[in-house]
Amino acid sequence: QVQLVESGGGLVQAGGSLRLSCAASGRTFIKYAMGWFRQAPGKEREFVAAINWSGGSTYYADSVKGRFTISRDNAKNTMYLQMNSLKPEDTAVYYCAADMTIATPKKVYEYDYWGQGTQVTVSS
């Protein structure tokens, strides 16, 4: 199995930036795609961004295109989400996830492993 731990969340003013990290442990020698999701109170967990195992392919939700950047450093077993120009509507618990069967999964049900989430709060 793969264990995922998110970090880097916090409180930031609108227009500010945060960088989330997701550290993977366990069977990290296995190639896996990774992604970021977020869930606000009363809302469904939604796709934010995904990256394939090599980092060569990335995908973003329309709501974050041009503002967020997903990346990974396999040597460090870590995935990142750089969030710029943050908006109050970005406020949510952010989760990282990993999948070993689909190259670039975008749906919650397509991911095998999940972190416990990190809170991002954007104030105005």
- Query: Is there a side-chain contact between S123 and L11, using heavy atoms and a 4.5 Å cut-off?
  - Reply: yes

- Okay, side chain of E6, backbone of Q116: is any donor-acceptor separation there less than 3.5 Å? yes

- Query: Looking at NZ of K31 and OG of S54, how far apart are the two atoms once the value is rounded to the nearest 0.5 Å?
  - Reply: 8.5 Å

- Task: Would you mind checking if K65 and D62 are paired as a salt bridge, meaning a charged N to carboxylate O distance below 4.0 Å?
- Result: yes

- Query: Would you call F68 and L86 a side-chain contact if the rule is heavy atoms closer than 4.5 Å?
  - Reply: yes

- Message: Is the shortest side-chain heavy-atom distance between Y59 and K106 below 4.5 Å?
- Response: yes

- Item | Linked, directly or transitively: L20 and Y32 (ILVMFWY side chains, under 4.5 Å) | yes

- Item | ILVMFWY network linking M34 to Y60, side-chain heavy atoms under 4.5 angstrom | yes

- Note on the structure: The reported gap from CG in D112 to CG in L4 (rounded to nearest 0.5 angstrom) is 10.5 Å

- Between W114 and R45, is any pair of side-chain heavy atoms under 4.5 Å apart? yes

- Flag the pair F37 / F47 as yes when their ring centroid distance falls below 6.0 Å, and as no otherwise. yes

- Item | N52 side chain to T104 side chain, donor-acceptor N/O pair below 3.5 angstrom | no

- Residue pair V122 / E89, side-chain heavy-atom distance below 4.5 Å: no

- Any side-chain heavy-atom pair from L81 and T69 closer than 4.5 angstrom? no

- Item | Steps toward side-chain contact (heavy atoms from CB on, under 4.5 Å) verdict (N84, Q82) | CA-CA 7 Å; N84 298 325; Q82 178 66 47; 3.0 Å; yes

- Message: I want to check something: taking the side chain as every heavy atom from C-beta on, are I51 and M79 in contact at a cut-off of under 4.5 Å?
- Response: yes

- Please check if V108 and Y95 belong to a single hydrophobic cluster, counting links between Ile, Leu, Val, Met, Phe, Trp and Tyr side chain heavy atoms closer than 4.5 Å. yes

- Query: Is any side-chain heavy atom of Q119 closer than 4.5 Å to a side-chain heavy atom of Y94?
  - Reply: no

- Query: Do M100 and W36 share a hydrophobic cluster (ILVMFWY, side-chain heavy atoms under 4.5 Å, transitive)?
  - Reply: yes

- Indicate if I70 and W53 have the same hydrophobic cluster label, given that clusters are the connected sets of ILVMFWY residues with side-chain heavy-atom separations under 4.5 angstrom. no

- Message: Let me confirm one number: the CZ-OG distance from R72 to S21, rounded to the nearest 0.5 Å.
- Response: 13.5 Å

- Would you say the side-chain atoms of S71 and D73 include a donor-acceptor pair closer than 3.5 Å? no

